[in-house]
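Worksheet for the structure shown next.
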Amino acid sequence: MNAAAPAVKPKLLVATTSLAGCFGCHMSLLDIDERLLDLIDLVAFDRSPITDIKHCSPHCDVGIIEGGVCNAENVHVLHEFRKNCKILIAIGACAINGGLPAQRNSLDIGDILAAVYALPGRGVQVPNDPEIPLLLNAVHPLHEVVKIDYFLPGCPPSGDAIWKFLTDLLAGRTPSLGHGLIHYD
Amino acid sequence: MPPVHSDAAETRQSDVIATVLARYRHDPVYLMQILREVQEELDWLSPSTLTAIAAGTRLPRARVEGVAGFYHFFHQRPLGRYRVLWSDNIIEQMAGSGDLMGRMCKKLWLKPGEVSPDQLVSVDTTSCTGMSDQGPAILVNALPVTHMTSERVDQVVALIRQKTPVSEWPADFFKVDDNIRRRDLLLGNQMAPGDALRAMTDPQSVLDAIKASGLRGRGGAGFSTGQKWDFCRNAVGSGENPQHYVVCNADEGEPGTFKDRVLLSSFADLVFEGMTVAAYVVGARKGFVYLRGEYRYLLGPLNAVLEKRRQSQLLGKSIQGRMGFDFDIEIHLGAGAYICGEETALLESLEGKRGVPRKRPPFPVTEGFLGQPTAVNNVETLAAAALIAAKGADWYKAVGTVKSAGTKLLSVSGDCQWPGIYEYPYGVTVAQVLADCGARNTQACQIAGASGLCVAPDEFGRRLAFEDIPTGGSFMVFDNSRDMFAVAHNFAHFFANESCGFCTPCRVGTSLLCNALDKIRDGHGGEYDINDIWRIIRTLRTASHCGLGQTAGNCVADSLQKFRPSFELRLNSRDFEPAFDLDQALSRMRDVTGRDDPGAHFHLDHRKSKQGIGTKLGDPA
Amino acid sequence: MSDTQETNCFFLDDEAIPFTPGQTIIQAALTAGKYIPHLCYHPEFKPHGSCKLCTVRIDSRTIATEDGQTIKIPGRAAASCTTPAQAGQHVESNIPELLDLRRTLIQMLLVEGNHFCPSCEKSGSCLLQGLAYALGVMNPHFPQYFSKREVDASHPDILLDLNRCILCELCIRASAEVDKKHVFSLSGRGHSKHLICNAESGKLGDTNFSATDKAANVCPVGVILHKRHGFETPYGQRRFDQNPINAHAEQYAPVKEQV
Ligand SMILES: Cc1cc2nc3c(=O)[nH]c(=O)nc-3n(C[C@H](O)[C@H](O)[C@H](O)COP(=O)(O)O)c2cc1C
Ligand code: SF4
Ligand code: SF4
Ligand code: SF4
Ligand code: FES
């Protein structure tokens, strides 16, 4: 990619998180390899597993979220991102249609837990500590909970796809992937 | 009945199936009739029944199951000895059908769609049964009971509890009134059976008269009847036994329409005479009436009229002594599928298949029933054709407008004093109809049914005619107290229930549209959803395979344009709202953990405006 | 049909396309190497026109208004797979309105079923997915139905995963017309329309279906799957990893006029 001019353009503030995902998309983000250095010239990371910042700053430019929404905490985090990020990107199959975790949706969550927490001779003891976020009846993609501005499919999207997507976006272009980069798997 | 596995039950089952199969000569074309008659005896179509019917008709079993699974009135699980269906049209909801059904269910300890544990009774809803002028109405084992009130609900419940056979219920329960309020050319005719046939000289002159009269189809599309008959007459049949056919479309499924019911109840001779005229012109020896399953109760009387006509030489061989003029009529019953009113779906159904519209071309006039040239016409069109054959084109076209000759029967229902049938010369204004039927404070009229046009007061000067507002005859009136969102919501659900599911845009689009409207009704809607609704409507219009899908978004589009506040007042925000109820999504976990602490809820203010406005109008809960 | 007269032409996005009488628009276009999106059309079967991905506009007109402006009056929309080609017809396919429509239709199919591509054996060579890529469908947009659908593993050689069925009826047509077995049919209607098998148990294993049937090899998506052959082709070498679906349109040209 030809050089954007980091000296004049302020860096964009980017936050990322993984909800009901596997961190595969984050791995793929790291997979852009040496281009990470170029990326660091263009962006600064806010709340992210990469920085360990726990909450979004109020004026993030871009939020990148992997994973679908499977529990109450996911909903709260997603709301925090939507509130604080100007542009929200759903990255990966799980964020976009629920993905693997959503394959539980054909079963009743109560039945699942009853099966999982059945103790021999002691009946069913589903943990009910208020600290534990409750699971939703079904796993949902992000865009069913908040408005999502861009979608970057893949399981995970390749490093190349992520790079193309982000460089488009950072240069102010509507991201477009094209053949070979757009993948649902 | 519960699946009883006694030898006696099995013997009865195979006897019934064998008798019915024999009656229809094991002909797969009669599959619909076979399924219906077997079900009438056995109460339901069990897997083994379907297997036996498949074997008896030499059809693949899956095809038989596919047909049984297509029609609302065929059931593949036992639904009890008494099967009650409430007509779900908006007009009947406005008349309180929702509460009455609730009362019935409560008294029977049932939920809608459920069968009582003793397998005695089930209660459910069905699309408009053609009784909006005397609703709320129900069907009990396919027989209509009209004018439902709380008292009548209680009486019906008592009769069911006492296991009184439906044939012994009080006769006035089943009384269906004609409610003819205005007569003109058609309803005022003084013709005797056979008059039109006696007036016919030769097929060409009759065809010329029909053409000259300017008669256009009354079923909705408004195609020139003369031209249709001409195409059919000139088309060449195919195969070893080329035939031409005449089909009377008596599927009358458009919500709020019931004029064909009245014609078939009190003017059946005229309708059959029209079919005979058509047969004379196109050269058909066989005609079918495709009678909607909801009008099963008319089967007996109609067959009686047919028999009388045969005896009077108005049907059968050498009609009225004319050598070579042989024609007879058979009645086929549908089984609850609005789509079968679409003429090519009707033909599929007539052939014993799933009622899925065909691709066109070829059109029925060249390749219709069993691939042979077929003229499909609406009940009213055929009745009018008989009039024209008897009295001439000039007499007929002297009434109406230049582009719309003659008269039109309107089925008027809803917020008016005198619902019923009104026959007007074409060109009558909406305002005139409203005045005549005693409508007051009218907010809107839905003309031509759920797929038609929603007309607001500033358009009441418009005329009912092919050149302005064309209509199949449904005319539903809504006064100021009604919530037009609920009307759109009801119609959207009608289309989703009635989509045949053949093509993607309609199969998925109608159901997405319902979901979006449900969301708005439940107070979770945002402006985003309105945008989505427009997108769905565009897709339905552009890409749907047949008229059902193409028009399924009309009612919502019209109300969004003309009654937008009824939507907006229900929106929770001007922006995005989640696709599902977040707090509700934690319900199962609250159940299984017993938690009810703040962390077990979403305290978002999106639940504040649950009810929106004016839900009084039978807004389905 | 013979290739006696090639003089008949219609215009597809302003390009002249020759056709033989009896051919539909899509058949002629594909023969000429011009791709029109499609899912339920198959080169070996008589088109039936249910998916509507192939929708085109026919004979749009541009008229001049009194104030010197021009406005476009859209022509009628029709499924190009079932609409007969006619000489002189002007057909539009690759226009923003129709690309948008097709994306919406794809999205409808994606939410109607349960399409979890990463765990689907067909991924990489699935027509639905391949078409979605070519049209740039980045998400399913509509709320997912998460419908409950069956997986039928009763047959020794074939797995039936109905979660992914797009109801294109190709298997039904193949089983009836080519295999003469009528193994599949449709039941239900509207949104509850679904594929059924020709057995009282409803199980594929109780039918006379065989892995060598035509019907076992026409499913455009990941429903009718051959057991023990999943994920055989490595990622990167699968059908649409190599070429986008709209490359080499001729591969979809009708092999017979009609079945
Ligand atoms: C979804 C749909 C439902 C229809 N229902 C009816 C009907 O119930 N009765 C009818 O006569 N025509 C109905 N039609 C119109 C028929 O397809 C056909 O045009 C008509 O029967 C022709 O008769 P006509 O020329 O006498 O009007 C329907 C059309 C569509 C698309
Ligand atoms: S538009 Fe609807 S009713 Fe008509 S063919 Fe398509 S799915 Fe069936
Ligand atoms: S059938 Fe196609 S779209 Fe569906 S999951 Fe499989 S690969 Fe994906
Ligand atoms: S199983 Fe495959 S071929 Fe058959 S209808 Fe479904 S998607 Fe089409
Ligand atoms: S390809 Fe034409 S409708 Fe499916």
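Letters A, B, ... are given to chains in the order of the sequence lines, protein chains preceding strands, and every chain is numbered from 1.
Using a 4.5 Å cut-off between heavy atoms, B/D591 makes no contact with chain A at all. For A/L136, the parts sitting under 4.5 Å from any heavy atom of chain B are the backbone and the side chain alike. Heavy atoms closer than 4.5 Å to chain B are found in the side chain of A/H140, but not in its backbone. In this structure, the portions of A/L135 lying under 4.5 Å from any heavy atom of chain B include both its backbone and its side chain. Heavy-atom distances place the side chain of B/R595, and not its backbone, under 4.5 Å from chain A.
Atom NZ of B/K111 has 12 or fewer neighbouring heavy atoms from other residues, nucleotides or ligands inside a 6.0 Å radius.
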Using the side-chain contact (heavy atoms from CB on, under 4.5 Å) rule, take A/H79 and B/L582 through it: C-alpha gap first, then chi angles, then the decisive distance, then the call.
-> CA-CA 12 Å; A/H79 278 141; B/L582 284 170; 4.0 Å; yes
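Among pairs with a residue in residues 87-99 of chain A, none fulfils side chain to side chain donor-acceptor pair (under 3.5 Å), at least two apart in sequence or across chains. Listed by first and then second residue, the side chain to side chain donor-acceptor pair (under 3.5 Å) pairs involving residues 110-135 of chain A amount to none (not counting sequence neighbours). Among residue pairs with one or both ends in residues 496-523 of chain B, those qualifying as ring-ring contact (aromatic ring centres under 6.0 Å, His included) are B/F502-B/H545, B/F502-C/H48; sequence neighbours excluded.
Here the straight-line distance linking atom CZ of B/F576 with atom CZ of A/R82 works out to 9.5 Å at 0.5 Å rounding.
In this structure, B/S587 and A/N137 have side chains that are in contact, with non-hydrogen atoms separated by less than 4.5 Å.
No salt bridge links B/D575 with A/K147; every basic N to acidic carboxylate O contact stays at or beyond 4.0 Å.
Taking chain B as the reference chain and counting heavy-atom pairs below 4.5 Å, the highest number among A/P130, A/P133, A/G110 is found for A/P130.
Heavy-atom neighbours of chain B within the stretch residues 13-22 of chain A, taken at a separation under 4.5 angstrom, are nonexistent.
Residue A/L134 comes nearest to B/A600 through the heavy atom pair CD1-CB, 3.5 Å, listed as atom of the first residue, atom of the second, then distance.
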